[in-house]
Colleague: 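The structure follows.
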Number of protein chains: 2
Amino acid sequence: MAELANVSVATVSYVLSGKDRPVAAETRQRVLDAARQLGYTPNQAARSLRKRRTQRVCLVLSSFGGVPADVRLATDLHEMADARGYSVVTLSVYDEARAQAAVEVLRGGIADGALIHVVGDHLAHDLLAGLAATGLPMVVLGNESGLKGCDLVRTPEAEACAEAVEHLLQTGRRRIAYMAHRFEVYRDKPMGRLLGYTTALDRHGVKERIVTGGADDRVAAYQTATELLSSPDRPDAIFAASDRAAISAIWAARDLGLSVPGDVAVVGVGNIDEGLISNPQLSTVGPLRHDYTDVVRLLFDRLQAEEPPPAREIVRSWTFVRRGSS
Amino acid sequence: MAELANVSVATVSYVLSGKDRPVAAETRQRVLDAARQLGYTPNQAARSLRKRRTQRVCLVLSSFGGVPADVRLATDLHEMADARGYSVVTLSVYDEARAQAAVEVLRGGIADGALIHVVGDHLAHDLLAGLAATGLPMVVLGNESGLKGCDLVRTPEAEACAEAVEHLLQTGRRRIAYMAHRFEVYRDKPMGRLLGYTTALDRHGVKERIVTGGADDRVAAYQTATELLSSPDRPDAIFAASDRAAISAIWAARDLGLSVPGDVAVVGVGNIDEGLISNPQLSTVGPLRHDYTDVVRLLFDRLQAEEPPPAREIVRSWTFVRRGSS
DNA sequence: CTGTTAGCGCATTCAG
DNA sequence: CTGAATGCGCTAACAG
């Protein structure tokens, strides 16, 4: 490369990395021509080794096709990364092995910072804490507590879900089933959405708990809802841990000849757009606006800060949105 | 690190990378202890610079939350990567800018190989060809032709879709609408799914073409289907470019008081599981089994080959699956 | 304006 | 069995 253009490697580096060092127009052109002719692209490993920065950020998600809101998160991240000259790579963490691998990759220095949104318990708290202790700039979405050295974005899910369940109680529902994500069921004590459910029932002195799995995918949700609603003492409301599951529940109810919300009310979580086209429209719990620019900004602030800024925390606002299904 | 364990960097390298060089048990333990105490992880940039391999593969997708089948593709890739000691990073390509960026990152050497599944036209053929010319081992899913130096996985979408539309014609449908992905509409000539649609109509001498957008997301599909079905000369069949859009179309029909398939038949593409719980069950076009292990194996064969193997090609088998909606 | 040089952190000879 | 020396491809500082 350098010899083809008949210049030193330093010159090549300067023109390709667009630094301010003055380079004769003619020389620059020669370099550019040679680069194009050879299809030359600087080796990023060498570059980051030298610069001690990768100009990359890493997005860590539970899985592709998981939470629909992740699409927005990813878009917002890509957009800001672009604007600031960073690339984005994504790691998928859908089980413990993947969590381990992801942390290893991050520790190996694949990126200058990470935006981490892993639902469930795959990414153990210790792993996360160990990663943060590395000094890697990171922003964690979740309800982890006691994470030092990184920014936290938490969502008051429990409160908002309790509100939804209280609404069900106040409109006369008494047998309220909760369709949970798998990881919630295997937890020692209820948290988040499930906690909201139990809290609301506690407050109203309702003893009965009907907790099933099935919220993880649409088909499982349909089957679970069908079972629930086929039983002789069927619930008069289903609170599902995801909107997708809730919509499946609506289908199941209708296929059984039950009316929604007449015979059974349905409420989901997430406030996805699809809730607007279901019939009836889906009552849900979630953010009113899906916008993660503030979250993403936390990361880039941290990346571009001279020294580690104090840990900040954003609390995302979640509310109960009543629509036709309840 | 080296000094804490009181050994040379070479020794550290040997014990941590698990090479066969003999190391005294006591020395090894000292290194391991020091590594854990410091939370030391070898820098991957330096390692790949030296070894000229990253031990990473890259998955390139259109977008997270895009095609449901990508979840399986990702799982299969992760699994085999794990087994062979590779990590997986993912790049998301949902527009031209992202395509450009992704290719740049790949050229920069982020991974030893790439599995590329980008639907639509974002990833221009030239970019792909340029990347392949780099010598980067890659497997491309799509119907690109004339790509040298990489393995191709193609899907006879057009044929399978034509079969579906012929089925609609044979069961008496005459006004068949096609709900397209955005990128299909803006193409100069029909390809893939749209081509299947036009081909079938041509064969049967049907002149009328009803092509709309809306297949990209559920809400848009619902709205588009509602418009189509509200018109005085409404179609008697809707062929949607995705199952998700097709399911939205079923909802739209039902919400308008139309029966499916009585008043309007609906057929989708993709054969996603959700089609089994829709009411009626969704007729669709797609693979009977979602399994990408053979595709993934192509990549690792290529990675572990001494010299570039001949370009191979896999043709995935797609069929029309008739269910209740048509 | 451009070339020379010294590492970045690691894996790998080659000596000991 | 272990340490010292070399260089992977690049950038930044310093000479010219």
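Keep in mind that the numbers below use all heavy atoms, side chains included, and drop hydrogens, waters and symmetry copies. Quick note on labels: first sequence line is chain A, next is B, and so on, each numbered from 1.
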Colleague: Could you check whether the rings of A:F64 and B:H78 sit parallel, tilted or perpendicular, using 30° and 60° as the cut-offs?
Modeller: tilted
Colleague: Please report, rounded to the nearest Å, how far the C1' atom of C:dC10 is from the CD atom of B:Q55.
Modeller: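 Between C1' of C:dC10 and CD of B:Q55: 15 Å.
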Colleague: Give me each pair satisfying salt bridge (charged side-chain N to carboxylate O under 4.0 Å, His left out) with a member in residues 291-311 of chain B, each pair once, sequence neighbours excluded.
Modeller: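 Found B:D151-B:R302, B:R289-B:D291, B:D301-B:R312.
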Colleague: Show me the donor-acceptor pairs within less than 3.5 Å that the side chains of residues 136-144 of chain B make with the rest of the protein, sequence neighbours left out.
Modeller:
| unit_1 | atom_1 | unit_2 | atom_2 | d |
| --- | --- | --- | --- | --- |
| B:N143 | OD1 | B:T155 | N | 3.3 |
| B:N143 | ND2 | B:T155 | O | 3.3 |

Colleague: Listed by chain and number, what are the side-chain hydrogen bond (donor to acceptor under 3.5 Å, both in side chains) partners of B:T41, not counting sequence neighbours?
Modeller: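 Result, side-chain hydrogen bond (donor to acceptor under 3.5 Å, both in side chains) vs B:T41: A:R107.
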Colleague: Angle, rounded to 10°, between the helical axes spanning five pairs at each terminus of the helix from C:dC1-D:dG16 to C:dG16-D:dC1?
Modeller: 50°
Colleague: Strictly by side chain to side chain donor-acceptor pair (under 3.5 Å), give each pair with a member in residues 53-66 of chain B just once, sequence neighbours left out.
Modeller: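 Output for this query lists B:T54-B:D112.
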Colleague: How would you list, by chain and number, every residue that makes a side-chain hydrogen bond (donor to acceptor under 3.5 Å, both in side chains) with A:H117, sequence neighbours excluded?
Modeller: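 For A:H117, the residues satisfying side-chain hydrogen bond (donor to acceptor under 3.5 Å, both in side chains) (neighbours in sequence not counted) are A:D70.
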Colleague: Rounded to whole angstroms, how far apart are CZ on A:R47 and P on C:dG9?
Modeller: 18 Å
Colleague: If a protein heavy atom is under 4.0 Å from the base, mark B; if only from the sugar-phosphate, S; if neither, -; do that for nucleotides 2-8 of chain C going 5' to 3'.
Modeller: BBB-BBB
Colleague: Report the residues that fulfil side-chain hydrogen bond (donor to acceptor under 3.5 Å, both in side chains) with B:E96, sequence neighbours left out, ordered by chain and then residue number.
Modeller: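 For B:E96, no residue satisfies side-chain hydrogen bond (donor to acceptor under 3.5 Å, both in side chains) once neighbours in sequence are set aside.
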Colleague: Check the distance between C:dA11's C1' and B:Q44's CD and give it to me in whole angstrom.
Modeller: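 Checked: the CD to C1' distance equals 13 Å.
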Colleague: Starting from P on D:dC10, measure out to CZ on A:R53 and report it in whole angstrom.
Modeller: 18 Å
Colleague: In chain order, what residues pass the side-chain hydrogen bond (donor to acceptor under 3.5 Å, both in side chains) check against A:R154, with sequence neighbours excluded?
Modeller: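 Once residues adjacent in sequence are excluded, the partners of A:R154 under the side-chain hydrogen bond (donor to acceptor under 3.5 Å, both in side chains) criterion are A:E313.
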